[in-house]
Amino acid sequence: GVGAVPPTMLMKNLVAGAPPPPGSFLNYVAPVVSSTSKPPAAPASSSSLTRTKSSGYGSTQPKMKLGMSPSMAAKQHKQSLLKKKHAMKRQVLDRTMRQYPTSCGLLNSWQSESDYVVSAPIAQIAFHPLSLWIAVGRVDGVVEVARLPMKGKKPPVIVAPSGDVGLSRPSWSCGAGKSLLAYADSVYDLNKAGSSTSASLPPSALLKGPGGCVHTHAAFFYGDKFLLSCLGSSLVVSARGGKAGLLKEAARYDTGGSVRCLEALNSSLSHLVFLAGGDRSLTCLDVTTNLPYWTVPSGCGSRPINSLALPPAATTSDLPPEAYNLVAATSCDGGGLARIWDVRSGSPAASFASHTNRRESCSSSFSPCMRYLAVGADGPEGAAVYDLRGG
C-alpha cells in the first residue's frame, strides 16, 4: 500500500516548493501591532497646512567642509554609515568565534566543563538554530532549557505544560534575534527568561480548545508564520499575529483519527506536513490543497510510529534541494525499526533494524551532510548511526 500518485503530480522536491495559490491562507500577512505605537494623528485641516523645506538628506544631515560639494558630503556620509555597519558585524562574528571556535580541532575527549545533569531520563533534545539554547525534553513531559555555552553553569529554565503532552517535541523558531520555543500547547519566549535563578517560564501564547480539549504537538511552520498543532483528530494551523500572544486559526484539517506525532519544515517555505496516526499510518499532507499527497497504511512496520524526522534543511548548505526529499520514521516493531521514505513518491527508500528499541519512544535525526541517520535506542548498546550511502 502506497497511495497512488500520478507521475504528472510527482513533487519536484521538499525544500523548494511552488508558491501557494493566490487564495491560499499561506499568503496571510500578519498585522504589525506594537504595544508602544501611538494612534495616527488626525489629518490637518486645509487652513493649517504649512510648507516645510527639506534638506534632502533625511533625518541626519551630513557635515560639509569648506569647499566640499553637497554630493561629496552625502557620499562620505554613506561610507561612514557602511563602516559602522561592517564594524558591528565583525564584533558579532568575533564574539561568536570566541564562544564557538572552529579551529579547535576534533573533540576527542570528554568536556567535563559542559556536563549537564537532568533530573529525569532524557526523551529528546532540540538545539536553537543559532546555538543560543538547548532544549532537553524529559520523559515526564517537562522541558529544561539551558543557555549555551554551558561553562557558566547557569540554572536551566523550566517549561512545564499543565496538560498531557503525549509525544510532543520542542520546536524552535528560525527567525534571527528570536528565541521562541513551541511545545505541547504553548509558545514560550526565552528572551523573557531570567538568567540568574531557575524559574518556571510562563507561556507567552496558549492554544485553547473548546470544551476543555487540549492542543498537542505545537510546532512552528512556514518560516515562523504559522503554528501547527493537533486537537483531537484535527490538524490546526494558526496564524501568528504581530502582537505577542496573538494566534488566529487559519485552517483546519480532519485527519480521520488520532495523531501520535507530526513533523514539518520551518526553515523553508514548504507546503507539506507529515502526520503519524494511531492506526500506524503515515500521511504526507499538502496544506494548500487540503488533500493528502500520499498515505501509507503502515509507516514503520506493525507498530505505531513513535517519531518522525526531516532533514535539517539550511540555506547555507551546498547540497541540492533534491537531497532533502526524505522523511524518517521509527517504531518498536521487531525490537527496533527505522524506515526512510521518499517524499516525492511515497515509496520506502531504506529500513534499518540493527538497534534495540522495545519500550521507549526513541527518535531519529539526519546529519546536516545527509550521509547518516542517528537513531535512539533503549538497549545496552546505545544509539545507532546508520550510513545512508549503503555502508
Side-chain angles (χ1 to χ4, degrees), residues 1-5 7 10-15 123-125 166-167 169 217 255 257-265 270 272-286 292-313 319-391:
V2 178
V5 180
L10 285 178
M11 190 164 298
K12 190 174 182 180
N13 51 64
L14 171 64
V15 178
Q124 51 215 349
I125 295 176
L167 296 178
R169 301 178 61 184
H217 307 291
T255 62
S258 62
V259 178
R260 286 179 58 85
C261 50
L262 68 84
E263 194 71 23
L265 285 180
S270 174
L272 302 181
V273 178
F274 298 87
L275 303 171
D279 57 352
R280 309 192 311 273
S281 64
L282 174 61
T283 301
C284 175
L285 177 68
D286 189 345
Y293 184 65
W294 51 260
T295 301
V296 292
S298 180
C300 195
S302 60
R303 301 286 296 275
I305 296 176
N306 290 330
S307 70
L308 296 174
L310 290 174
L319 296 175
E322 292 77 11
Y324 296 100
N325 293 320
L326 299 174
V327 57
T330 61
S331 73
C332 298
D333 182 55
L337 177 65
R339 182 165 293 171
I340 298 178
W341 295 86
D342 191 325
V343 172
R344 295 164 295 185
S345 61
S347 57
S351 296
F352 305 99
S354 298
H355 60 283
T356 302
N357 182 16
R358 295 187 175 92
R359 183 180 64 259
E360 304 296 339
S361 299
C362 299
S363 58
S364 61
S365 178
F366 287 97
S367 64
C369 63
M370 290 302 296
R371 296 179 181 177
Y372 307 100
L373 177 72
V375 182
D378 52 18
E381 68 277 3
V385 178
Y386 296 104
D387 194 331
L388 301 182
R389 298 166 296 179

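Each residue takes its place number in the sequence, starting with 1. Since this is a predicted model, take the numbers as computed values, not measurements.
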- Task: Report the C-alpha distance between S302 and D333 in whole Å, list the side-chain angles of each, state the deciding distance to 0.1 Å, and finish with yes or no for side chain to side chain donor-acceptor pair (under 3.5 Å).
- Result: CA-CA 6 Å; S302 60; D333 182 55; 2.5 Å; yes

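D378 contributes atom CG, which lies 7.0 Å from atom OG1 of T356 (distance to the nearest 0.5 angstrom). The distance from the OG atom of S351 to the CZ atom of R339 is 4.0 Å, given to the nearest 0.5 Å. In this structure, CG in L272 is found 9.5 Å from CH2 in W294, a value given to the nearest 0.5 Å. Note that the CH2 atom of W341 and the CG atom of L282 stand 7.0 Å from one another [nearest 0.5 Å]. Atoms OG and CD, from S307 and Q124 in turn, are 9.0 Å apart once rounded to the nearest 0.5 Å.
The two residues A264 and V273 come nearest to each other via the heavy atoms CB-CG2, 4.1 Å. Taking every heavy atom of both residues into account, A349 and L326 meet most closely at CB-CD2, 4.4 Å. Residues P312 and P368 share a closest heavy-atom pair of CG-CA, 3.8 Å. The two atoms that bring G299 and A329 nearest to each other are O-CB, 4.3 Å, heavy atoms only. Closest approach of G278 to P304, counting heavy atoms only: O-CG, 4.3 Å.
With 3.5 Å as the limit, one finds a donor-acceptor pair spanning the side chains of S281 and D279.
Every residue two or more places apart in sequence or in another chain was checked for a ring-ring contact (aromatic ring centres under 6.0 Å, His included) with F366, and none qualifies. Residues meeting the ring-ring contact (aromatic ring centres under 6.0 Å, His included) test with H217, sequence neighbours left out: none. With sequence neighbours left out, the side-chain hydrogen bond (donor to acceptor under 3.5 Å, both in side chains) criterion links S258 to no other residue. Listed by chain and number, the residues in a side chain to side chain contact (heavy atoms under 4.5 Å, CB included) with P320 are E322, A323 (sequence neighbours excluded). Applying the side chain to side chain contact (heavy atoms under 4.5 Å, CB included) criterion to C332, with sequence neighbours excluded, gives R303, N306, N357.
Although no hydrogens or angles enter the test, the distance criterion places a donor-acceptor pair under 3.5 Å between the side chain of R260 and the main chain of I305. Looking only at distances, a side-chain donor or acceptor of Y293 sits under 3.5 Å from a matching main-chain atom of R344. The backbone N or O of L308 sits less than 3.5 Å from a side-chain atom of R169, completing a donor-acceptor pair. A donor-acceptor pair under 3.5 Å links the side-chain atoms of T255 to the main chain of G257, judged by distance alone.
Looking at heavy atoms from C-beta onward, N325 lies in side-chain contact with D342 at the 4.5 angstrom threshold. The shortest distance between side-chain heavy atoms of F274 and V343 falls below 4.5 Å.
For residues 359-374, the pairs satisfying side chain to side chain donor-acceptor pair (under 3.5 Å) are Y372-R389, with sequence neighbours left out.
Paired with F352 under the rule side chain to side chain contact (heavy atoms under 4.5 Å, CB included), one option of L337, I340, D387, V375 passes, and it is I340.
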